[in-house]
K.L.:
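Below you will find the structure I want to go over with you.
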Amino acid sequence: LSPFLGPVCYLGSAAHPIVIALTTGTTSPPPPAQPISGQPAEFIHIPIIGIEQAFGLTLVSNSFSVPAASGCGTSGGNLVNASIDHKLGLPSPPGRNAIIIHANAEQGASTAVLGHGVTGE
């Protein structure tokens, strides 16, 4: 919450959502973007302690649009929306935006996790 931006300042909304289709493959974006590639995770099972690990996951997308800012500013005018849009280049069409997420994860039963020094506190 920002006193300058106000309590309802958004990029995207229910009416104009930012929809991002992530992939581990190679994208086919519109120009001027070039294709980028993700990578599936490598899975490792550790049966002794009952934990599954996933390493090296990369999810990508560069074919999504970002709508203009809305609801910004506490004065009720559109000046703050316009300032944000100008600074960020919004609205921004597909091919002008990109997201790359690198992730690792571990999953296990609580008994396996608690049995290895993690207390959950």
Side-chain angles (χ1 to χ4, degrees):
L1 181 63
S2 164
F4 176 71
L5 297 177
V8 292
C9 181
Y10 295 100
L11 300 181
S13 65
H16 299 98
I18 299 173
V19 178
I20 302 174
L22 297 167
T23 182
T24 56
T26 300
T27 63
S28 298
Q34 297 295 314
I36 56 177
S37 296
Q39 179 176 320
E42 175 184 335
F43 291 93
I44 300 170
H45 175 67
I46 306 173
I48 296 171
I49 57 176
I51 291 179
E52 299 282 339
Q53 296 177 319
F55 293 101
L57 174 66
T58 302
L59 298 166
V60 298
S61 180
N62 58 351
S63 298
F64 61 96
S65 62
V66 179
S70 62
C72 302
T74 56
S75 64
N78 289 323
L79 182 59
V80 177
N81 287 335
S83 296
I84 291 170
D85 292 345
H86 177 74
K87 178 70 175 173
L88 299 178
L90 301 174
S92 182
R96 298 254 182 215
N97 311 292
I99 185 168
I100 300 172
I101 300 172
H102 299 286
N104 298 318
E106 292 185 355
Q107 173 181 302
S110 60
T111 54
V113 175
L114 293 174
H116 284 84
V118 178
T119 63
E121 296 175 6

K.L.:
Run the side-chain contact (heavy atoms from CB on, under 4.5 Å) check on I84 and L5 step by step: do they pass?
P.N.:
CA-CA 10 Å; I84 291 170; L5 297 177; 3.6 Å; yes
K.L.:
What are the two closest heavy atoms between A41 and A54, and how far apart are they?
P.N.:
CB-CB, 4.0 Å
K.L.:
Holding to side-chain hydrogen bond (donor to acceptor under 3.5 Å, both in side chains), I want the full list of residues that pass it with S92, two or more places apart in sequence or in another chain.
P.N.:
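side-chain hydrogen bond (donor to acceptor under 3.5 Å, both in side chains) check on S92 returns N97.
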K.L.:
Which residues satisfy the side-chain hydrogen bond (donor to acceptor under 3.5 Å, both in side chains) test with S63, sequence neighbours excluded?
P.N.:
none
K.L.:
Rounded to the nearest 0.5 Å, what separation is found between the CG atom of N78 and the CG atom of D85?
P.N.:
9.5 Å
K.L.:
Taking side chain as C-beta onward, heavy atoms only, is V60 less than 4.5 Å from I99?
P.N.:
no
K.L.:
Mind checking whether F4 and L90 sit in one hydrophobic cluster, side chains of I, L, V, M, F, W, Y counted as touching below 4.5 Å?
P.N.:
yes
K.L.:
Is there a path of hydrophobic side-chain contacts, each under 4.5 Å between heavy atoms, that joins L57 and I36?
P.N.:
no
K.L.:
Taking only residues at least two apart or on different chains, which pairs with a member in residues 4-22 satisfy side-chain hydrogen bond (donor to acceptor under 3.5 Å, both in side chains)?
P.N.:
none
K.L.:
Got a sec, which pairs hit disulfide (SG to SG under 2.5 Å) with one end in residues 5-38, sequence neighbours left out?
P.N.:
C9-C72
K.L.:
Kindly compute the distance separating CG (L11) from CG (N81), expressed to the nearest 0.5 Å.
P.N.:
9.5 Å
K.L.:
Test: side-chain hydrogen bond (donor to acceptor under 3.5 Å, both in side chains). Region: residues 28-41. Which pairs qualify, not counting sequence neighbours?
P.N.:
T26-S37
K.L.:
Specify the closest pair of heavy atoms between A68 and P91, including all atoms of both residues, with the distance to one decimal.
P.N.:
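It is N-CB, 3.8 Å.
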K.L.:
Given side chains that start at C-beta, do those of I18 and P67 come closer than 4.5 Å, heavy atoms only?
P.N.:
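Touching, per the 4.5 Å side-chain cut-off.
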K.L.:
Sort and list the pairs that fulfil side-chain hydrogen bond (donor to acceptor under 3.5 Å, both in side chains) and have at least one residue in residues 42-58, not counting sequence neighbours.
P.N.:
H45-E52, Q53-E106, T58-H102
K.L.:
Taking all non-hydrogen atoms of both residues into account, name the closest pair between S61 and I20 and its distance.
P.N.:
CB-CG2, 3.7 Å
K.L.:
Please say yes or no: joined through hydrophobic side-chain contacts below 4.5 Å, possibly via intermediate residues, are F55 and F43 part of one cluster?
P.N.:
no
K.L.:
Starting from L22, can I reach F64 by hopping between I/L/V/M/F/W/Y residues whose side chains sit under 4.5 Å apart?
P.N.:
yes
